[in-house]
A.B. asks: 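I'd like to ask you about the structure that follows.
Atoms within each ligand, like the ligands themselves, are counted from 1 in listed order.
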Amino acid sequence: MNDRLENIRQEILDGIEKHAESRAAAFELRKQFLDSKTGKIGQLMKEMKSIAPEERAGFGKNVNELKEWAQQRFAELDEKMKAKELQKRYESEKIDVTMPAESVSTGNLHPITQIRNQLIDVFTGMGFEVVETKEIENDYYNFTALNTPKDHPARDMQDTFYLSPEFLLATQTSAAQIHTMEKKKPPIKMIAAPGKVFRSDDDATHSPMFHQLEGLVVDEKITLCDLKGMLDMFVKKIYGEETTTRLRPSYFPFTEPSVEVDVSCFACGGKGCKLCKGTGWIEILGAGIVNKKVLENCGIDSEKYSGLAFGVGLERTAMLKYGINNIKLLFESDLRVLEQINDN
Ligand code: PHE
């Protein structure tokens with residue numbers, strides 16, 4: 001009988017040595033010996049009955065000892081397998097922290113969006129609220145209310161895309177002045193953006209679709225001085241602290257007087273260069289004092305209130321600021337160009 005116990009002990013030792021390669025295999029091996037129903041040690045217990053009574057106690061003790069011994073071996077084996085599997089996992093999941101990382105290319109905002117955000121920052125900093133513009137306007141808002149009735153020669157200043165006799169693609173963001181003054185009473189201080197506008201115009205510096213940002217201030221005693229002071233602040237923020245402005249007389253039906261605004265050339269400091277065509281000045285926007293007729297068209301008392309307005313082209317601002325010589329570069333989405341302009 002004791003030989004059988006010894007054989008089982010040997011079988012266990014052999015099994016542990018040869019077959020236990022994983023926790024699962026070790027568990028299966030354990031079952032062969034220690035499973036309460038089918039295990040070989042369990043079987044021995046069942047044989048107690050057939051053993052002579054005087055040997056029974058000794059046999060039982062030996063079987064129990066074997067059982068405890070086996071339990072201990074398998075517990076040790078399980079620990080060993082656990083450690084081995086963990087080690088394997090560590091090895092397979094090992095990362096080389098010295099490996100150089102793959103470079104991630106991040107995008108940046110389109111130059112027009114960058115310029116728009118910069119302008120919005122400057123003007124909201126001065127207390128302006130931002131309103132949206134419409135891409136489709138009717139004749140009244142785009143022209144008539146802006147003191148440009150049908151047959152007015154100033155309509156020729158902008159080649160218009162008509163959708164019908166009544167509706168057209170906005171040629172300027174100035175309609176936002178009318179929409180705002182119809183809704184709000186003075187004091188008014190607004191900029192209109194994003195400002196998509198359309199004109200039948202196409203060359204190196206013009207595109208049939210481009211962007212403007214419109215500004216309007218209406219209050220008591222607004223003068224050209226307010227306009228000049230505000231624009232000076234704006235150009236310093238966008239083109240640099242050294243930059244100044246000058247106003248030249250111009251004509252727009254909806255402003256009186258009207259001005260064309262130049263900035264001192266930020267490339268040469270005013271000495272004269274290619275960018276400013278030797279003049280030391282660069283034209284950047286149109287502006288003026290809101291024509292009394294426009295205020296009256298919107299039901300605003302033109303004796304009590306006056307206003308200033310300006311319209312700035314975003315493409316032109318971006319081209320000047322970033323030295324872009326062809327407007328098409330702003331519409332072609334060529335990453336080699338766009339990647340170079342990251343100014344936020
Ligand atoms: N709307 C004018 C244009 O597109 C610009 C402008 C706006 C001029 C506001 C004066 C006042 O040319």
A.B. asks: Got a sec, which pairs hit salt bridge (Lys or Arg N to Asp or Glu O under 4.0 Å) with one end in residues 330-344, sequence neighbours left out?
C.D. replies: Lys321-Asp343, Asp334-Arg336
A.B. asks: If a pair satisfies side-chain hydrogen bond (donor to acceptor under 3.5 Å, both in side chains) and one of its residues is in residues 102-111, list it, with sequence neighbours excluded.
C.D. replies: none
A.B. asks: Kindly list each side-chain donor-acceptor pair under 3.5 angstrom involving residues 303-311, sequence neighbours excluded, with atom names and distances?
C.D. replies:
residue: Ser306; atom: OG; partner: Ile222; partner atom: N; Å: 2.8
residue: Ser306; atom: OG; partner: Ile222; partner atom: O; Å: 2.8

A.B. asks: Is the ring pair Tyr251/His152 parallel, tilted or perpendicular, if the boundaries are 30 and 60 degrees?
C.D. replies: parallel
A.B. asks: Can you produce the list of protein nitrogen or oxygen atoms under 3.5 Å from a nitrogen or oxygen of ligand 1, alongside each distance?
C.D. replies:
residue: ligand 1; atom: 1 (N); partner: Gln172; partner atom: OE1; Å: 2.9
residue: ligand 1; atom: 1 (N); partner: Ser174; partner atom: OG; Å: 3.0
residue: ligand 1; atom: 4 (O); partner: Arg199; partner atom: NH2; Å: 2.8
residue: ligand 1; atom: 4 (O); partner: Gln212; partner atom: NE2; Å: 2.9

A.B. asks: Are a donor atom and an acceptor atom from the side chains of Glu182 and Tyr141 found within less than 3.5 Å of each other?
C.D. replies: yes
A.B. asks: Does Lys293 use its side chain to pair, donor to acceptor, with the backbone of Asn147 at less than 3.5 Å?
C.D. replies: no
